[in-house]
Amino acid sequence: MTRHRRHFTAEQKVAVLREHFLDKVPVSDLCEKHGIGVTLFYSWQKLFFENGQAAFTAQDKRRQASTRSSPSSWRNTSS
């Protein structure tokens, strides 16, 4: 009997992590509920924290791009 690998979307992974961080559900309970291994949970957590900075960096880049592209009439020129 072969086991089929399940694939989780990014949204599903974040939802599992959120259950642990916000709802304080123990890792062992989450892993049992979702049918994943503890090692997999911790690898998702590691990736989440390693890439968390990208969310803020992308937002900063969007903010800088919108500032550069805004017309000069939008800026306060009374100085």
- Query: How are the rings of Phe49 and Phe21 set relative to one another: parallel (under 30°), tilted (30 to 60°) or perpendicular (over 60°)?
  - Reply: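 Phe49 vs Phe21 ring planes: perpendicular.
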- Quick one: do Trp44 and Val14 satisfy side-chain contact (heavy atoms from CB on, under 4.5 Å)? Show the steps, please. CA-CA 8 Å; Trp44 289 353; Val14 170; over 6 Å; no
- Item | N/O donor-acceptor pair under 3.5 Å between Asp29 side chain and Val25 backbone |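 Checked: no pair found.
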- Item | From Leu30 atom CG to Leu17 atom CG, the distance as rounded to the nearest 0.5 Å | 8.5 Å
- Given the rule in the side-chain contact (heavy atoms from CB on, under 4.5 Å) test, do Glu19 and Lys33 qualify, once you have shown the distances and angles that lead to the verdict? CA-CA 11 Å; Glu19 280 185 74; Lys33 175 182 173 183; 2.9 Å; yes
- Heavy atoms only: give me the nearest Lys13-Phe8 pair and the separation to one decimal.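 Minimum heavy-atom separation between Lys13 and Phe8: CE-O, 3.4 Å.
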- Query: So, do Phe41 and His20 have ring centers that fall under 6.0 Å from each other?
  - Reply: yes
- Message: Going by side-chain contact (heavy atoms from CB on, under 4.5 Å), Tyr42 matches just one of Val38, Thr39, Leu40. Which one?
- Response: Val38
- Query: Within a reach of under 6.0 Å around CD of Gln53, are more than 12 heavy atoms found that belong to other residues, nucleotides or ligands?
  - Reply: no
- Message: With heavy-atom distances below 4.5 Å as the criterion, would you say the side chains of Thr9 and Gln12 are in contact?
- Response: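 The answer is yes, as the side chains (C-beta and beyond) meet within the 4.5 Å cut-off.
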